[in-house]
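Each chain gets a letter, A, B and so on, in the order the sequences are listed, and its residues count up from 1.
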Amino acid sequence: MHDPRVLLDPATDAVRKLARRGYSLDLGSLEKLLSGRNAAIQRGDEARAEAKRVATAVKGADPDERAALVERARDLKAVVGAAEQEHKALDAELTALLLDVPNLPLDEVPDGASDDDAELVRTWGEPPALDFTPLDHVDLGDRLGILDLPRATKLAGPRFAVLRGRGAALERALARYFLDLATERHGYTEYSVPTLVNRTSMTGTGQLPKFEQDLFKTGVDERELFLIPTAEVPLTNLHAQETLATETLPLAYTAHTPCFRSEAGSYGKDTRGLIRMHEFSKVELVRVVDSTTTRDELEVLVGHAEAVLQGLGLAYRVVKLAAGDLGFSAQITYDLEVWLPGQQKYREIASASDFGTFQARRAAIRTRSKDGTRGFAGTLNSSGLPIGRTMVALLEQGQQADGSVVIPEALVPYTGFDRLTPA
RNA sequence: GGAAGCGUGGCAGAGCGGCCGAAUGCACUCGCCUUGAAAGCGAGAGUCCCGCAAGGGUCCGGGGGUUCGAAUCCCUCCGCUUCCGCCA
């Protein structure tokens, strides 16, 4: 959420910046709401101040002037009540408007609306030169006897997966490898967190109120809970409504959780295989930092995500997303795209985003520095990585002419096997 | 699910319907003292909102009510603790 004053400041250039991502900001009504709200606050405060003075005067008043004072106090009370009501009403409107406004893209973010407009930053590794026609991960998984999509559909419907035998073991090994890398090499603290969270948490990171249709919602009686689409939600909200001493920053958190996405509006997209699931498992990296350092922290963070792919020897590239392709809360995002021989192209596997203070304002994650300066924290997150999509890349890039798949060396201590072979 | 109790500032812990933003202790910041530190002494310091500022307002778990006036009374919700039941 933005500070309305900042949005209204011409120096911010908010209208143009938001237009780059396809959002049209109504500065006029914003201005009107803000000034109206502030005027109401002031009116209420003045009346309340007077009411306090009168109430104090009542105590020592002569009997004959007491009645007049009490009546005056009653009148003031009405004024306070009216001003307060107006304040609340305008504040609700203002908040609703602000909650709807996405983050401002940084100037370095390229123009454009789709992934075609992303800017190539760098490429790592060589797509394996296969002297045979590569299979995609669905066929591979089927032959290897580790992936059973038909039965997943029977159990829950499309976009769910069943892993079997070494497939299930591979999933477990990947999660452990990712977590060890994050905690032992990159300094993240591992958490185990709820995967069902309340509306406040979802609003804090920006999934709500705008994107409720993307979430799975559950509840018993009046109670309302949402399945997390990513561990970003619980990890970032750990410090919601808290004030952090700047000298304790940056905080680096990781968690391995299931993630749930309704994938509304993605009908027909990636219907085959493990790419787009309603439920998948992911290791997430979250950083809570001094707000002035987020841009540098993003480079650190994307490096941590890249290290995972590099450790597995998977060819990938890094792109900077176009303004119109940014997530709601992000001001800049790098996508990591891994090479998929089965599709003969790079496909998104992870994305690392800098949210500036956008989420911290929503979630009220405050900071206080040694000299007493107060502000909001900066937040960032990256996948590190999703297990399913990593398995896709691993199977497809590691496939051999005989139909077997070679497990990357770094992973062998975790799997206990170095090769998957057809059943 | 049943019964009882409790929710005050970073922590601990007072608080008669007006003198309470709130005693006191610890912790904290800045001085003094000391070779240095500790102890001692003095001073200061909460949050959020409106305001250029001066200043004003808010906040004693959340919300509502009674009253000229509520941390103090009432209602309600939430959370925590203890006991019983059930249970992974």
Side-chain angles (χ1 to χ4, degrees), chain A residues 1-11 30-99 192-204 218-226 234 237-249 251 258 291 357 359-377:
Chain A
M1 185 156 70
H2 296 287
D3 179 346
R5 268 173 259 268
V6 171
L7 286 183
L8 287 169
D9 185 348
L30 180 64
E31 209 285 321
K32 221 172 106 189
L33 284 171
L34 182 65
S35 59
R37 180 196 72 140
N38 291 352
I41 289 174
Q42 200 145 28
R43 231 179 314 126
D45 282 359
E46 278 162 15
R48 201 184 280 106
E50 176 66 11
K52 279 169 80 169
R53 280 193 292 274
V54 174
T56 311
V58 167
K59 200 189 172 194
D62 295 331
D64 49 320
E65 57 186 2
R66 191 177 193 282
L69 284 173
V70 169
E71 192 186 339
R72 168 99 180 106
R74 285 211 174 100
D75 291 346
L76 284 165
K77 199 174 153 187
V79 175
V80 170
E84 220 162 50
Q85 264 198 328
E86 188 180 343
H87 167 205
K88 273 190 188 169
L90 290 174
D91 204 51
E93 271 190 72
L94 180 65
T95 303
L97 194 158
L98 288 172
L99 282 175
S192 172
V193 290
T195 48
L196 220 42
V197 302
N198 59 30
R199 179 169 285 272
T200 303
S201 297
M202 283 294 185
T203 305
T218 178
V220 177
D221 297 328
E222 298 301 295
R223 192 146 178 219
E224 175 188 63
L225 291 168
F226 298 88
N237 280 290
L238 280 173
H239 294 294
Q241 285 128 336
E242 291 181 13
T243 300
L244 306 169
T246 48
E247 60 266 26
T248 65
L249 304 177
L251 302 173
S291 63
T357 58
Q359 289 182 328
R361 285 179 179 283
R362 290 180 157 244
I365 305 170
R366 299 194 157 85
T367 58
R368 174 203 237 120
S369 59
K370 271 245 162 95
D371 66 10
T373 312
R374 306 183 63 83
F376 290 98

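Contact check for A:Gln359 versus A:Asn237: no side-chain heavy atoms found under the 4.5 Å cut-off. Contact annotation: the side chain of A:Glu224 never approaches that of A:Asn198 to less than 4.5 Å [non-hydrogen atoms, C-beta and beyond]. Looking at A:Leu251 and A:Leu244, their side chains come closer than 4.5 Å, going by heavy atoms from C-beta outward.
Shown here, B:rC60 forms no base pair; nothing in the strands shown gives a Watson-Crick or G-U wobble contact with both key distances under 3.5 Å. If you check B:rG7 for Watson-Crick or wobble pairing at under 3.5 angstrom, you find it paired to B:rC78. When both distances must be under 3.5 Å, the Watson-Crick or G-U wobble mate of B:rA70 does not exist. Across all strands shown, B:rG44 pairs with B:rC28; the Watson-Crick or G-U wobble distances both stay below 3.5 Å. Nucleotide B:rA38 is matched to nothing when pairs are restricted to Watson-Crick or G-U wobble geometry with both distances under 3.5 angstrom. Nucleotide B:rC33 forms a pair with no other nucleotide shown, judged by Watson-Crick or G-U wobble geometry with both contacts under 3.5 Å. Across all strands shown, B:rA23 forms no Watson-Crick or G-U wobble pair with both distances under 3.5 Å.
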Listing, residues 89-96 of chain A side-chain donor-acceptor contacts under 3.5 Å, not counting sequence neighbours, or none:
| residue | atom | partner | partner atom | Å |
| --- | --- | --- | --- | --- |
| A:Asp91 | OD1 | A:Arg37 | NH1 | 2.9 |
| A:Thr95 | OG1 | A:Asp91 | O | 2.8 |

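Nucleic acid contact class of A:Arg43 (heavy atoms, under 4.0 Å, all strands): none.
Taking A:His87 as the reference, nothing meets the ring-ring contact (aromatic ring centres under 6.0 Å, His included) condition, with sequence neighbours excluded.
Distances shown here put every side-chain N or O of A:Arg66 at or beyond 4.0 Å from the OP1 or OP2 atom of B:rC68. Contact annotation: A:Arg72 side-chain N/O to B:rC68 OP1/OP2 distance is not under 4.0 Å.
For the side chain to side chain donor-acceptor pair (under 3.5 Å) condition, the pairs that include at least one residue of residues 43-53 of chain A, sequence neighbours left out, are A:Arg43-A:Glu86, A:Asp45-A:Arg48, A:Arg48-A:Glu84, A:Glu50-A:Arg53.
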Hey, what are the protein-to-nucleotides 27-29 of chain B N/O distances that come in under 3.5 Å?
none

Below 3.5 Å between N/O atoms, which protein atoms pair up with nucleotides 69-72 of chain B? Just atom names and distances, please.
none

Pairs: protein N or O with nucleotides 49-52 of chain B N or O, under 3.5 Å:
| residue | atom | partner | partner atom | Å |
| --- | --- | --- | --- | --- |
| B:rC50 | OP1 | A:Arg5 | NH2 | 2.8 |
| B:rC50 | OP1 | A:Arg37 | NH2 | 2.7 |
| B:rC50 | OP2 | A:Arg5 | NH2 | 3.4 |
| B:rG51 | OP1 | A:Asn38 | ND2 | 3.3 |
| B:rG51 | OP2 | A:Arg5 | NH1 | 3.2 |

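Judged by closest nucleotide on RNA chain B, A:Lys88 is the one of A:Arg74 and A:Lys88 placed further toward the 5' end.
The separation between A:Lys52 atom NZ and B:rC20 atom P is 13 Å, rounded to whole Å.
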